[in-house]
Amino acid sequence: YPAQDFSGEAGGVSVDAHAEEGAFPEGTRMEVTAVTGNDLEDVKDAAQDNTEDTVVDAVAVDITFYNTNGDKIEPVSGKNVDVQLHSQTKVDGDNHEVVHVEENGDASTVAGASAASASFTTDSFTIYAIIGTEAVARYTYNFYTLDNGTNKLVDTQIVKKGVSLI
């Protein structure tokens, strides 16, 4: 199980990975597949469930490793892989992060990113995306009652733009 380096590209996103010694058997290969169309929309939706900001853009790839028999494999438990993503096109948005979307559709943030690149360490592979977000405008409403001639704060509500209080 030697240390190994991998490179791949799909959909304008290049992936470079370095697996530490013991992570994968010798002869392991990495496959990178672009995530596009409805699948990319699903990635954005999953990422949206993971952030308070609005997801405005994303690029994503599915990273898979195979042994010499062609079986899909993950790194050996306790071993990590350093990954670098580089997108040929910049991802729109004010803020950027890397999101890992698991096979069950759950998304989690794994690292910060720039509009065109990201670096992170992981021990699990499926879809990784660089997402771009923009802050959502929020409004604060304070509710008061008049108590013996003095305003008394009784409640505060913070509401995202476009949402109504009833």
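- Contact annotation: the side chain of Val110 approaches that of Tyr128 to within less than 4.5 Å [non-hydrogen atoms, C-beta and beyond].
- In this structure, Val101 shares a hydrophobic cluster with Val35, Leu40, Val43, Val55, Val99, Ile127, Ile131, the cluster being traced through Ile, Leu, Val, Met, Phe, Trp and Tyr side chains under 4.5 angstrom apart.
- When all heavy atoms of Ala60 and Ala129 are compared, the pair lying nearest together is CB-CB, 3.7 Å.
- The local environment of CG in Asn104 is crowded, with over 12 non-hydrogen atoms from other residues, nucleotides or ligands closer than 6.0 Å.
- In terms of hydrophobic clustering, with Ile, Leu, Val, Met, Phe, Trp and Tyr side chains grouped at heavy-atom distances under 4.5 Å, Val159 and Val154 are assigned to a common cluster.
- Screening residues 80-96 for side-chain hydrogen bond (donor to acceptor under 3.5 Å, both in side chains), with sequence neighbours left out, gives Asp82-Thr121.
- Listed here is the closest heavy atom pair of Ser124 and His100: OG-CE1, 3.6 Å.
- Note: Tyr141 OH to Thr156 OG1 = 13.0 Å, rounded to the nearest 0.5 Å.
- Distance CD/Glu103 to CG/Asp62: 8.0 Å, rounded to 0.5 Å.
- Contact check for Val76 versus Tyr1: side-chain heavy atoms found under the 4.5 Å cut-off.
- In this structure, the side chains of Lys72 and Phe65 stay at 4.5 Å or more apart for every pair of heavy atoms.
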Exercise for review: Quick one: do Phe6 and Val15 satisfy side-chain contact (heavy atoms from CB on, under 4.5 Å)? Show the steps, please.
Suggested key: CA-CA 8 Å; Phe6 306 93; Val15 179; over 6 Å; no
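- Of the N and O atoms on the side chains of Asn69 and Asn67, not one donor lies less than 3.5 Å from an acceptor on the other residue.
- Ring planes of Phe125 and Phe24: tilted class, angle from 30 to 60°.
- Two residues are said to be in side-chain contact when any heavy atoms from C-beta on lie closer than 4.5 Å; Thr122 and Val83 meet this criterion.
- Considering every non-hydrogen atom in both Val56 and Gly93, the closest pair reads CG2-CA, 3.7 Å.
- Asp155 pairs by the side-chain hydrogen bond (donor to acceptor under 3.5 Å, both in side chains) definition with Gln157, not counting sequence neighbours.
- In this structure, Gln48 and Thr54 have side chains that are in contact, with non-hydrogen atoms separated by less than 4.5 Å.
- For Met30 against Gly8, the heavy-atom pair with the smallest separation is CE-N, 3.5 Å.
- Distance check: Asn50 CG to Glu97 CD gives 7.0 Å after rounding to the nearest 0.5 Å.
- Rounding to the nearest 0.5 Å places CZ of Arg29 at 10.0 Å from CD1 of Ile73.
- Using a distance-only test at 3.5 Å, with no hydrogens or angles considered, a donor-acceptor pair links the side chain of Thr51 to the main chain of Asp53.
- The two residues Ala58 and Val91 come nearest to each other via the heavy atoms N-CG1, 4.0 Å.
- Here the CG-CZ distance, from Asn151 to Phe143, works out to 14.0 Å after rounding to the nearest 0.5 Å.
- Contact record, Ala47 with Ala107: N-CB, 4.0 Å, taken as the closest heavy-atom pair.
- Here Gln4 contributes atom CD and Glu20 contributes atom CD; the two are 12.0 Å apart, rounded to the nearest 0.5 Å.
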